[in-house]
Visitor: 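The following block contains the structure, expressed as structure tokens.
Below, each value reflects all heavy atoms present in this structure, side chains not excepted, and no hydrogens, waters or symmetry copies. Counting convention: from 1, in listed order, for ligands and their atoms alike.
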Amino acid sequence: MDKKIILITGSSRGIGRQIALTLAAQGHIIIANYNKSEEHANNLKQEALRKNQQIDLYKADVSNRDEVKKMIDFIINKYKRIDVLINNAGISSFNLFTDITDEEWNMVLNTNLYSAFCVTQETIPNMIQNKSGCIINMSSIWGIVGSSCESLYSISKAALDAMTKSLAKELGPSNIRVNSIAPGFIDTDMNKNISLDTINSIKDETPLGKIGSTSSIAKCVNWLIEDDFTTGQIISINGGWVIT
Ligand code: NAP
């Protein structure tokens, strides 16, 4: 298997962190982007080093164009190419639609959507030049079916899925595949305030009878990287909780 240069946004914690460890274990070179969680990011690098794996850390707020440009320039200067981009950074948001402020709207859309637009736009000239690339956008089941009190989050993920489908058509002729992974409930910090009762109800409603782990998502990412004929798809990993 060839060693790929892989950028994962928002990989200090949660799903991104597990993707970084899984792909590093496959021998790939990982650039793990983070923003606020420096200590978590350093732990990730140390964990990889103990296993003789390579993870480079890069601190950048991916909703900031200047920081994104510097990050992409750093990677291309150092490695000459980006083979795989995983737009994973994201934040949740819970509010009644009527109570969403402009500030919250901007924060969620900038972090969940503009960031993917920005990082992808800065990355694809290199992929087009290489006539090869794989882009994976971390979406959510709520982007597919919508969620009460999470409309803003759902809007950000539905728009991300529209970006996936459109870009798959635009970039397919350049041999660049673009897909979304739309997880269901995954056990990470993002869900740390969800009550045990709610988690148990979700398990009851889920045909596989459990909530998801970060490694379920990382396995799908690994498969998508190896694949050569899947593009424009929204792949939902949710234990059957949502079947469309
Ligand atoms: P998490 O544990 O809260 O981790 C979020 C990650 O995003 C952190 O590493 C954080 O980095 C990073 N991040 C946030 N804003 C950033 C920014 N402006 N610039 C760079 N990095 C930023 O969340 P998670 O559960 O792993 O979620 C990862 C992705 O999966 C998100 O897109 C989320 O919407 C999606 N998802 C999660 C679930 C779930 O149930 N957990 C379900 C569906 C979809 P710092 O802490 O360093 O700032």
Visitor: Between S139 and S180, does the side-chain hydrogen bond (donor to acceptor under 3.5 Å, both in side chains) criterion hold? Intermediate values first, please.
Guide: CA-CA 6 Å; S139 178; S180 283; 4.7 Å; no
Visitor: Sort and list the pairs that fulfil ring pair (Phe, Tyr, Trp, His ring centres under 6.0 Å) and have at least one residue in residues 69-96, not counting sequence neighbours.
Guide: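 As it turns out, the ring pair (Phe, Tyr, Trp, His ring centres under 6.0 Å) pairs with a partner in residues 69-96, which skip direct neighbours, are Y58-F74.
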Visitor: Taking any residue with a non-hydrogen atom under 4.0 angstrom from an atom of ligand 1, which ones do you get?
Guide: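 Around ligand 1, where the cutoff is 4.0 Å for heavy atoms, the contacting residues are G10, S11, S12, R13, G14, I15, N33, Y34, N35, K36, S37, A60, D61, V62, N88, A89, G90, T111, M138, S139, S140, Y153, K157, P183, G184, F185, I186, T188, D189, M190, N191.
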Visitor: Please report, to 0.1 Å, the donor-acceptor pairs under 3.5 Å made by any side chain of residues 112-123, with sequence neighbours excluded.
Guide:
residue : atom : partner : partner atom : Å
N112    : OD1  : I91     : N            : 2.9
N112    : ND2  : I91     : O            : 3.0
N112    : ND2  : S156    : OG           : 3.2
S115    : OG   : T111    : O            : 2.6
T120    : OG1  : N87     : ND2          : 3.0
T120    : OG1  : A116    : O            : 2.5
Q121    : OE1  : R65     : NH1          : 3.0
Q121    : OE1  : R65     : NH2          : 2.7
E122    : OE2  : R65     : NH1          : 2.7
T123    : OG1  : V119    : O            : 2.6

Visitor: Please list, chain by chain and in numerical order, all residues satisfying side-chain hydrogen bond (donor to acceptor under 3.5 Å, both in side chains) with T231, sequence neighbours excluded.
Guide: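 side-chain hydrogen bond (donor to acceptor under 3.5 Å, both in side chains) list for T231, sorted by chain: empty.
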Visitor: Could you tell me whether M190 atom CE has more than 12 heavy atoms of other residues or ligands within 6.0 Å of it?
Guide: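 More than 12 heavy atoms, drawn from other residues, nucleotides or ligands, come within 6.0 Å of this atom.
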Visitor: So do V62 and N35 actually touch side chain to side chain, heavy atoms under 4.5 Å?
Guide: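 The answer is no; the side chains never approach within 4.5 Å.
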